[in-house]
Structures are given as C-alpha cells and as structure tokens.
Number of protein chains: 2
Amino acid sequence: MQRSGHGTDLAVGDLTRAIEDFNRYYIRLPVVQKLPFTTLSVLDTLVQSGPKRLTELARAEQISQPGLTQLVTRLEHDGLVERRRDPTDGRAVLVHLTERGRQICQARHEDRGRHLLPLIAQLTPEERQSIAEALPALVRLAELGRQADQ
Amino acid sequence: MQRSGHGTDLAVGDLTRAIEDFNRYYIRLPVVQKLPFTTLSVLDTLVQSGPKRLTELARAEQISQPGLTQLVTRLEHDGLVERRRDPTDGRAVLVHLTERGRQICQARHEDRGRHLLPLIAQLTPEERQSIAEALPALVRLAELGRQADQ
DNA sequence: CGCAAATGTATCGCGAACTTATATAAGTGT
DNA sequence: ACACTTATATAAGTTCGCGATACATTTGCG
C-alpha cells in the first residue's frame, strides 16, 4: 500500500478500487434513455460547462473532431442541442443544449438517484455518516481531476 | 434534498452527483492500453469473478449473446482469454482469463492509481482523513450495487 | 428408452458510431 | 494580397454492436 511519500496518508489503491467499483456499477446501469455512451457524456459536459466549441468538446471527450461533428449532427437532428455561430469568431460553432437535452440529463440523474436510494438504505447509520462526511472532499477530488485534464 | 423516508439521512442527490463526477473523470481517462470499453469491462469482470459462461457475461455486460461471442472471439485471438468447455455441461463454454489478460487489467489499475496520486496529494489532511474513513462504506455500497443487478 | 422442449453458442447480414484523410471557410501575420 | 493557422465539414473505410437464425447438447416426461 502506497502510504507514504507525497503526504498522502490514504491508501491510493483502495480509493482507486472503490472508484472503479462504482464505475463498473454505474456504467452498466440500465437507464431510461438508451443513448450511446459518448452522446450522454457530451450532454453532461454541456450541462456542467455551458456552450462549447466543437473542437473543445472533441478534446474533452477524446474522440476525433470529425467524429464529434457527426455526433453533434445527430444530436441536433434529435433536438437535444443547437449549433450557434460564435459571435467572436466566424469560423467557430458553439454547441448549445436545448431544453429537451437538459431534461434528458436531469431525468438520467434522477434515475440514478432512484437506483442508489435503496442501496443506501441498506447501510448502517455509521456507514452513511462516514460517506456524508467524505462527500465534500470527494467532490473536490473529482474537481481536481477535471482540472488536471484541462 | 431527500433526507428522510427510508432511514437514509444522507443526501442522495449529492452522493449521486459525486459518483457521476468520478465516472466522468475516470471513463475518459487516457489509458495505456487502448481497447474498446466493453472489452475492458469484460476483462475486469473476469478478474473479479473468475471464469464465466458466455451467457452470464452477456447479461452482466448488458450486450447481446451474439455480440459477446464475437467479443470473446476477438479477445481469444488477441490471447487475453481462453475458451474452455464446461466439464459439467457440454453445451457451455467457460471464458478464462489468460496471464496476459490479467496483466492488462493490473496495468490499467496501476495506471489509474498513478493518475489519482497527485490529485490526492493536493487535498488537505482532513479531506484525506474523511475519505479514508468512508472507504469501507463506499466499497460496501458498490458491493450492494453489484448484487442488486444479480 | 425416445423425443420434444429448453438451454448454450455460433454464424450471417445489417446498421450505428467511430476512425483517417481531405476539403472548405474564416481569421492572422507579414 | 499571400501564405499559414484554426475551426468545421465531408467522404470512405473499419469496428463493434444488434436481431434473426441455425446448430448442438441437455433435460424432462410419457
């Protein structure tokens, strides 16, 4: 266990394992809206960060620029996003979420909460307490991770 | 915030949000081995639960049985898994991990740990402490989630 | 036992979602 | 005005998933 060195008195292996566990559970969660994975990720990104350029989105999602252009075309066709010209740069397009796109993200979020609730109910009060106390730190950790990738 | 009702004095919305944050960060993490997502998920499943039948794997990964047959064919071709007959049922095939497949999972896990370490180093000692104390509960929560999907 | 029904895999054809390469359009610098 | 960079779009090819279907083995029951 990597316990020393960089001022991290936390078992990195354990945390990594825990996060991977959650990923495996969450990723395969059956969801209401059956959409391709990258599509959902793009929508979430737009919810969090607001309108973005195609190029920025492609970098964030780690797919090619043409791939994202096609994806946005599909999304636009389905009425989940809108392309608007960037007023400050005639070459660029800003991808905006529509109300419908926002609703889908919201519905997914609530759906996941519904899956989680009965699981939380099975924990002991002490376990729930410890998780509740760790939440701010976990959120900050995720925040740092997002920054690290720019 | 949903604080009452089923004996869950934990803000489900906040926890859901935190887990989603980690998913978004982790899923798009650039990794050493560039393999399709479902492929990696299958390998991880085999690491955790040992040899499995095609049908079981297909259900766990939520893809069709023909889809999984093809996936396993690719994996076998790449030497990451082996097909062995089930001694107790002549119809069934058990998918076994090879040493090479195990190594890839291990490498990915370590890679993720390396990404996480510098982030953890930026947290305050109190934040690290709170996360460390919540880890057993988080692991149990993930465990419950896995059981819930059978 | 013998044969239908159930169960487990494999194959085929198709469509969706990526990729790389290339083209077009707009801004930037000299 | 000219080359150069940046932003997006189009085209062709590949990969990975699905549904339908076929085949093999096991199970259950008269």
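Predicted, not measured: the structure shown is a model, and the values here were computed from it. To find a chain, count down the sequence lines: A is the first, B the second, and so on, and within it residues start at 1.
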- Do B/L144 and B/V12 share a hydrophobic cluster (ILVMFWY, side-chain heavy atoms under 4.5 Å, transitive)? yes
- Send over the distance from A/D86 CG to D/dT6 P, rounded to a whole Å. 16 Å
- Indicate for each nucleotide in nucleotides 11-22 of chain D, in 5' to 3' sequence, whether protein heavy atoms under 4.0 Å reach the base (B), only the sugar-phosphate (S), or nothing (-). -B---SBBBB--
- So, is A/R85 close to the D/dT8 phosphate, meaning a side-chain N or O under 4.0 Å from OP1 or OP2? no
- Query: Under 4.5 Å between side-chain heavy atoms, hopping through other hydrophobics if needed: is there a path connecting B/V72 to B/I104?
  - Reply: yes
- Does B/R102 come within less than 4.0 Å of B/E99, counting only side-chain N to carboxylate O? yes
- The single option from A/T73, A/V95, A/T38, A/I63 passing side chain to side chain contact (heavy atoms under 4.5 Å, CB included) against A/L68: A/I63
- Could you tell me whether B/R108 and B/D111 have a side-chain N and a carboxylate O separated by less than 4.0 Å? no
- Task: Could you tell me the separation between the CZ atom of A/R53 and the C1' atom of D/dA9, rounded to a whole number of Å?
- Result: 16 Å
- Tell whether B/R91 reaches the base of C/dT9 with its side chain through a donor-acceptor pair below 3.5 angstrom. no
- Query: Do any side-chain nitrogens or oxygens of A/T55 fall under 4.0 Å of OP1 or OP2 in D/dT6?
  - Reply: no
- Query: Quick one: is A/R83 getting a side-chain N or O under 4.0 Å of the D/dA9 phosphate, OP1 or OP2?
  - Reply: yes
- To the nearest angstrom, the CG-P distance between A/L40 and C/dA17 comes to 11 Å
- Task: Going by the salt bridge (Lys or Arg N to Asp or Glu O under 4.0 Å) test, name the single residue among A/R83, A/R100, A/R84 that passes it with A/E76.
- Result: A/R83
- Task: Find the distance B/K52:NZ to C/dT9:P and express it as a whole number of Å.
- Result: 12 Å
- Item | Rounded interatomic separation in angstrom, taking CZ from B/R59 and P from C/dT9 | 12 Å
- Query: Toward the 5' end of DNA chain D, which comes first, B/T88 or A/L54, by nearest nucleotide?
  - Reply: A/L54
